[in-house]
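See structure below.
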Amino acid sequence: MGASIATVEVDGAQPYRIDIGGGLLADSARLGRHWRGRHALVVSDDQVAPRYADALEAALARAKPQARIARFVLPAGEASKTLDTFAGCIDALAALGATRDACVFALGGGVVGDLAGFAAACWMRGIDCVQLPTTLLAMVDSSVGGKTAIDIPAGKNLLGAFHPPRAVLADTDTLRTLPARELRAGLAEVVKYGAIVDAPFLDWLEANADALLAMDAAALAEAIARSCAHKAAIVARDPLEHGERALLNFGHTFGHAVEAEQGYGEGLNHGEAVAVGMVLAARLSTRLGMADEHDALRLQALLERFGLPTRMPPGLDPQALVARMRLDKKAVGDGLRFILWDGAGRARIVAGVDEAAVAQLLATT
Ligand code: NAD
Ligand code: GLY
């Protein structure tokens, strides 16, 4: 990818920056700037670590030759976002002798970022975490905004903390090894920004779909920077999700229910489940008379162009999915709460949605 680095600033009580570009994992000066102490734990998974962890650790060692650097590697995939793996990560921090100024470097996709970020949030009540996202999804969404979590049997991401990263370095060179399915999953979250707040971005995505699918560097860099700018602006205004930030969950109430019901790591991955969920949210909006059907069809067509699923996987029980949605973090005791839209680029929070209408939609999609 190109040598130029794009930067997006995230304002707030703990401001930080997102750097986007090639070669960042080997940039020891830049890595060192965000690392205060003398201990570093590199957290990664068994697909990413063999490709990138040696180079990262070499860059860290160049930045601080006297430092202690350790590595914790988890099995790739959502099934690793568990209490057991979290405990393993905490044990790795203990074995390292990590002090309060230690830094966790989260090298991987959203699974690594969420788990490593949560470990950093908990160790000694909070140490630094630098997010080094290697999936498109993590670059445009999970590495930014400070949400960290693990899954428990009762639901996805139910155990977690808000813990903003010290910095995000998105090395776009890593996308060269990303499986095509994971690229598409990331595109689902890119589409989400257009759907919720930026209808012209949907036009741009339609016009640049082929370039994005072909991993054209300039198109990807623009999609990442534009997505990060949206996420940065929203989380700066509402870091703890008291309001507007919930819009980022468009499609997620449905998607999380699907992920939990099918079993974490089985069937659809997160981005795919969100794609299905966004189409369901758009269709529910149409059924409730909020939005024109044309917008839902256009969203569906764009997601399908990106090779994403837009229908419920077979065999899932609508009532069981509705029961999952009651436990969703967006539910606040006033019935089902969804992010719906008044049309492309105009999402809003809708409370008290009738469960029967949702179950009927699920049964017919
Ligand atoms: P993931 O972390 O499971 O990564 C997907 C797969 O790609 C894994 O097998 C991984 O090993 C592999 N991989 C990663 N980078 C690679 C590379 N450069 N080359 C080759 N293989 C690579 O999944 P994801 O889609 O990145 O993240 C999904 C997770 O993110 C979910 O758990 C979701 O809940 C979470 N998430 C969190 C937030 C947040 O705000 N914290 C937002 C969105 C999603
Ligand atoms: N991905 C949803 C959020 O960060 O709020």
Side-chain angles (χ1 to χ4, degrees), residues 10 25 43-53 56 73-82 85 106-118 121 129 131-151 155-158 160-165 168 170-190 192-193 196 215 227-228 230-232 234-235 237-253 255-256 258-260 264-265 268-275 277 329-330 339:
V10 186
L25 290 182
V43 180
S44 193
D45 73 28
D46 62 10
Q47 299 298 311
V48 176
R51 293 180 164 97
Y52 302 111
L56 170 65
V73 177
L74 43 106
E78 186 72 29
S80 283
K81 239 174 91 173
T82 60
T85 318
L107 174 69
V111 167
V112 165
D114 278 12
L115 185 136
F118 186 43
C129 181
Q131 291 281 348
L132 304 170
T134 63
T135 63
L136 179 62
L137 186 141
M139 290 180 189
V140 300
D141 193 354
S142 58
S143 65
V144 179
K147 276 189 182 177
T148 71
I150 55 173
D151 305 329
K156 193 172 154 62
N157 294 336
L158 284 185
F162 285 102
H163 188 62
V168 180
D171 187 335
T172 47
D173 287 345
T174 62
L175 295 177
R176 289 185 187 135
T177 59
L178 190 67
R181 181 179 175 193
E182 302 302 337
L183 176 80
R184 294 195 292 267
L187 288 169
E189 298 280 15
V190 173
K192 178 185 77 180
Y193 294 106
I196 62 174
M215 305 224 8
S227 299
C228 285
H230 280 306
K231 181 138 189 190
I234 291 171
V235 301
R237 289 191 293 264
D238 181 19
L240 303 181
E241 198 171 308
H242 293 310
E244 177 186 8
R245 182 167 181 167
L247 299 183
L248 293 169
N249 295 318
F250 185 63
H252 286 55
T253 303
H256 283 175
V258 169
E259 280 185 87
Y264 301 120
L268 301 186
N269 64 27
H270 179 70
E272 291 165 345
V274 166
K329 295 186 296 310
K330 287 169 288 305
I339 312 307

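Note that ligands are numbered from 1 as they come in the structure, with each ligand's atoms numbered from 1 the same way. Side-chain atoms are counted along with the backbone in the values below, which use heavy atoms only and exclude waters and symmetry mates. Sequential numbering from 1 along the given sequence is applied to the chain's residues.
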Item to check | E244: salt bridge (charged side-chain N to carboxylate O under 4.0 Å, His left out) partners, not counting sequence neighbours | outcome: R237
Checklist entry - Is there a nitrogen or oxygen of Q47 sitting under 3.5 Å from a nitrogen or oxygen of ligand 1? => result no
Item to check | ligand 1 N/O within reach of L137 N/O, cut-off under 3.5 Å | outcome: no
Checklist entry - So among T177, T174, L175, which one has a side chain to side chain contact (heavy atoms under 4.5 Å, CB included) with T134? => result T174
Checklist entry - Got an N/O contact under 3.5 Å between H256 and ligand 1? => result no
Checklist entry - Can you list the atoms of ligand 1 that are under 4.0 Å from a heavy atom of T174? => result 17 (C), 18 (N)
Item to check | Contact check, N269 vs ligand 1, heavy-atom distance below 4.0 Å | outcome: no
Checklist entry - Does S44 reach the main-chain N or O of G108 with its side chain, forming a donor-acceptor pair under 3.5 Å? => result no
Checklist outcome for this item: Among non-hydrogen protein atoms, atom 1 (P) of ligand 1 lies closest to V111 CG2, 3.9 Å
Next on the checklist: Applying a heavy-atom cut-off of 4.0 Å, say which part of D45 lies close to ligand 1: side chain, backbone, both or neither.
Outcome noted: side chain
Checklist entry - Are H230 and S227 close enough that some pair of their side-chain heavy atoms sits under 4.5 Å apart? => result no
Checklist entry - When you look for heavy atoms under 4.0 Å from ligand 1, do you find them on the side chain of K231, its backbone, both, or neither? => result side chain
Next on the checklist: I need the contact type for A149 against ligand 1. Using non-hydrogen atoms and a strict under-4.0 Å cut-off, is it side chain, backbone, both or neither?
Outcome noted: neither
Next on the checklist: Taking distance alone, with N or O pairs closer than 3.5 Å, would you say T135 contacts ligand 1?
Outcome noted: yes
Next on the checklist: Is there a polar contact between ligand 1 and V112, counting only N or O atoms under 3.5 Å apart?
Outcome noted: no
Checklist entry - At what distance is the nearest protein heavy atom to atom 36 (N) of ligand 1, and which residue and atom is it? => result S142 CB, 3.6 Å
Checklist outcome for this item: Looking only at heavy atoms, the pair that brings T148 and A121 closest together is OG1-CB, 4.4 Å
Checklist entry - Which ligand 1 atoms does E78 reach within 4.0 Å, using its non-hydrogen atoms? => result 31 (C), 32 (O)
Next on the checklist: Under 4.0 Å from a heavy atom of K147: which atoms of ligand 1 are those, numbered in the order shown and with their elements?
Outcome noted: 40 (O), 41 (N)
Next on the checklist: Return the closest protein heavy atom for atom 9 (O) of ligand 1 as residue, atom name and distance.
Outcome noted: A76 CB, 3.6 Å
Checklist entry - When T85 is tested against each of L74, I150, V111, V43 for side chain to side chain contact (heavy atoms under 4.5 Å, CB included), which residue passes? => result L74
Need the list: ligand 2 N/O atoms against protein N/O atoms, distance under 3.5 Å, rounded to one decimal.
unit_1	atom_1	unit_2	atom_2	d
ligand 2	1 (N)	D141	OD1	3.2
ligand 2	4 (O)	K231	NZ	2.6
ligand 2	4 (O)	R245	NH2	2.8
ligand 2	5 (O)	K147	NZ	2.9
ligand 2	5 (O)	R245	NE	2.8
ligand 2	5 (O)	R245	NH2	3.4

Next on the checklist: Can you confirm whether the side chains of N157 and K147 place a donor and an acceptor under 3.5 Å from each other?
Outcome noted: no
Next on the checklist: Looking at V140, is its backbone amide N or carbonyl O close enough to the side chain of K231 to form a donor-acceptor pair, meaning the two atoms are under 3.5 Å apart?
Outcome noted: no
Item to check | Region of N157 engaging ligand 1 - heavy atom pairs below 4.0 Å | outcome: side chain
Checklist entry - With a cut-off of 4.0 Å, which atoms of ligand 1 are near a heavy atom of L178? => result 15 (N), 16 (C), 17 (C), 19 (N), 20 (C), 22 (C)
Next on the checklist: Ignoring hydrogens, what is the shortest heavy-atom contact between F162 and P239? Give both atom names and the distance.
Outcome noted: CE2-O, 3.4 Å
Checklist entry - Strictly under 4.0 Å, does any heavy atom of K156 approach an atom of ligand 1? => result yes
Next on the checklist: Testing the basics here: between M139 and A170, what is the closest heavy-atom pair and its distance to 0.1 Å?
Outcome noted: CG-CB, 3.8 Å
Item to check | For the student: nearest non-hydrogen atoms of T135 and G110, plus distance | outcome: OG1-N, 4.2 Å
Checklist entry - How close do G113 and A106 get, heavy atom to heavy atom, and via which atoms? => result CA-CB, 4.1 Å
Checklist outcome for this item: shortest atom 13 (N) of ligand 1-to-protein heavy-atom contact is with V48 CG2, 3.7 Å
Checklist entry - Under 3.5 Å between some N or O of ligand 1 and some N or O of T177? => result yes
Checklist entry - Which ligand 1 atoms does D141 reach within 4.0 Å, using its non-hydrogen atoms? => result 42 (C), 43 (C)
Next on the checklist: With a 3.5 Å distance limit and no angle check, can you tell me whether S143 reaches the backbone of V168 through a side-chain donor-acceptor pair?
Outcome noted: no
Item to check | Distance filter under 4.0 Å to P179 heavy atoms, resulting ligand 1 atoms | outcome: 20 (C), 21 (N)
Next on the checklist: Give me the residue, atom name and distance of the protein heavy atom closest to atom 24 (P) of ligand 1.
Outcome noted: G110 N, 3.5 Å
Checklist entry - Would you say R245 has any N or O atom under 3.5 Å from an N or O of ligand 1, going by distance alone? => result no
Checklist entry - Would E259 and H270 count as having a side-chain donor-acceptor pair, cut-off 3.5 Å? => result yes
Checklist entry - To the nearest 0.5 Å, how far apart are CG in L107 and CG in L25? => result 6.0 Å
Checklist outcome for this item: When distances are taken from atom 7 (O) of ligand 1, the protein heavy atom at minimum range is E182 CG, 3.6 Å
Checklist entry - So, the side chain of E189 versus the backbone of G186: is there a donor-acceptor pair under 3.5 Å, distance only? => result no
Checklist entry - Considering only heavy atoms, does H270 approach ligand 1 within less than 4.0 Å through its side chain, its backbone, both, or neither? => result side chain
Checklist entry - Does any N or O atom in T134 lie less than 3.5 angstrom from one in ligand 1, N or O only? => result yes
Next on the checklist: Using the ring pair (Phe, Tyr, Trp, His ring centres under 6.0 Å) criterion, which residues pair with F250? Sequence neighbours excluded.
Outcome noted: W341
Checklist entry - Side chain or backbone of L175 under 4.0 Å from ligand 1, or both, or neither, by non-hydrogen atoms? => result neither
Next on the checklist: K156 vs E78, test: salt bridge (Lys or Arg N to Asp or Glu O under 4.0 Å). Steps then yes/no.
Outcome noted: CA-CA 10 Å; K156 193 172 154 62; E78 186 72 29; 2.8 Å; yes
Next on the checklist: Can you give me the closest heavy-atom contact between V144 and R245, atom names plus distance?
Outcome noted: O-NH2, 4.3 Å
Next on the checklist: Just to verify, what does D45 make a salt bridge (charged side-chain N to carboxylate O under 4.0 Å, His left out) with, not counting sequence neighbours?
Outcome noted: none
Checklist outcome for this item: shortest atom 35 (C) of ligand 1-to-protein heavy-atom contact is with D114 OD2, 3.4 Å
Checklist entry - Would R51 count as a contact of ligand 1 if the rule is a heavy atom under 4.0 Å away? => result yes
Item to check | Side-chain donor/acceptor of N269 to backbone N/O of E272, under 3.5 Å | outcome: yes
